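In what follows, a structure is listed as C-alpha cells, so that the remarks can point back to it.
Just the heavy atoms: all of them, side chains too, but no hydrogens, waters or symmetry mates, feed the values below. It should be emphasised that the depicted structure is a prediction, and the values quoted were computed from it without experimental measurement.
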Amino acid sequence: MLQKTFVAIGVIEILSPERLIDATEQLALENPDDCETKQWVIPAARLEGIVYLLLACCCGRSQSAFKTLLGVIGLPALLYPRDLIDYTTEIAYTDAEACEWKPWIYPFTRLLGAVYVIIALNEIRNR
C-alpha cells in the first residue's frame, strides 16, 4: 500500500504541483489567498514527486532506508508539530507571518509524525 501511495503522490506532484499545493492550502489555511509560496516550492514539489516514484520502483534496501528516514522526519512532527509548521512556513512562504493555519493542522501533523515513526520502528524491528 505504501508503494501505491508513493506512486500516486509522485504522479500528482510531477504533473500538477500547483493544483496540489492550492488544494492543500485551501484545506489547511484560514487565509490561503493571503499566502504566497516562494519560487522554489513548485520545482521542489516536482522533485519530491520524482523521488517518490523512484522509491516506489526501488525494492529492498533503499525502501528500508526511506522508511527509516520517515522516522527521522516523523519524530519532530510528533514531538514539536507547531515548531515544525512554523519553521516550514518560514521556508516556503514569502509572507509567512500572514499565513494562519487552521487549528486541526497541528494535531494532524503530530498524528502523521506518529505514523512515520511507527513505520520506521516497524522496519527496524523487521530487519
Any link between Val115 and Ile73 through a network of hydrophobic side chains (Ile, Leu, Val, Met, Phe, Trp, Tyr) touching at under 4.5 Å?
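Per the 4.5 Å side-chain linkage, Val115 and Ile73 are co-clustered.
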Do the side chains of [Y] and [X] get nearer than 4.5 Å, heavy atoms only?
{"X": "Cys99", "Y": "Asp34", "answer": "no"}
{"X": "Trp101", "Y": "Asn31", "answer": "no"}
{"X": "Leu27", "Y": "Trp104", "answer": "yes"}
{"X": "Glu13", "Y": "Leu20", "answer": "yes"}
{"X": "Asp83", "Y": "Pro76", "answer": "no"}
{"X": "Ile42", "Y": "Glu18", "answer": "yes"}
{"X": "Glu30", "Y": "Pro103", "answer": "yes"}
{"X": "Glu25", "Y": "Thr37", "answer": "yes"}

Does [X] [atom1] have over 12 foreign heavy atoms under 6.0 Å away?
{"X": "Tyr80", "atom1": "OH", "value": "no"}
{"X": "Glu36", "atom1": "CD", "value": "no"}
{"X": "Glu97", "atom1": "CD", "value": "yes"}

Hey, is the main chain of Ile14 close enough, under 3.5 Å, to the side chain of Arg46 for a donor-acceptor pair?
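The answer is yes, because a donor-acceptor pair under 3.5 Å joins these two groups.
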Please check if the side chain of Asn122 supplies one atom and the backbone of Ile118 the other of a donor-acceptor pair under 3.5 Å.
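No, Asn122 side chain to Ile118 backbone: no donor-acceptor pair under 3.5 Å.
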Closest heavy-atom pair and its distance - [X], [Y]:
{"X": "Ala77", "Y": "Gly113", "result": "CB-CA, 3.8 Å"}
{"X": "Leu78", "Y": "Ala114", "result": "CD1-CB, 3.8 Å"}
{"X": "Asp33", "Y": "Gln26", "result": "OD1-NE2, 4.0 Å"}

Could you grab the distance from atom NZ of Lys67 to atom CG of Asn126, nearest 0.5 Å is fine?
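Here the interatomic distance stands at 8.0 Å.
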I'd like to know whether Leu29 forms a side-chain contact (heavy atoms from CB on, under 4.5 Å) with Tyr93, so could you lay out the CA-CA distance, the side-chain angles of the two residues, the decisive distance to 0.1 Å, and finally the verdict.
CA-CA 12 Å; Leu29 284 166; Tyr93 288 92; 4.1 Å; yes
Starting from the C-alpha separation in whole Å, work towards a yes-or-no answer on side-chain contact (heavy atoms from CB on, under 4.5 Å) for Leu84 and Tyr106.
CA-CA 9 Å; Leu84 182 63; Tyr106 303 105; over 6 Å; no
Run Leu53 and Val7 through side-chain contact (heavy atoms from CB on, under 4.5 Å) and show every step you take.
CA-CA 5 Å; Leu53 285 179; Val7 170; 4.2 Å; yes
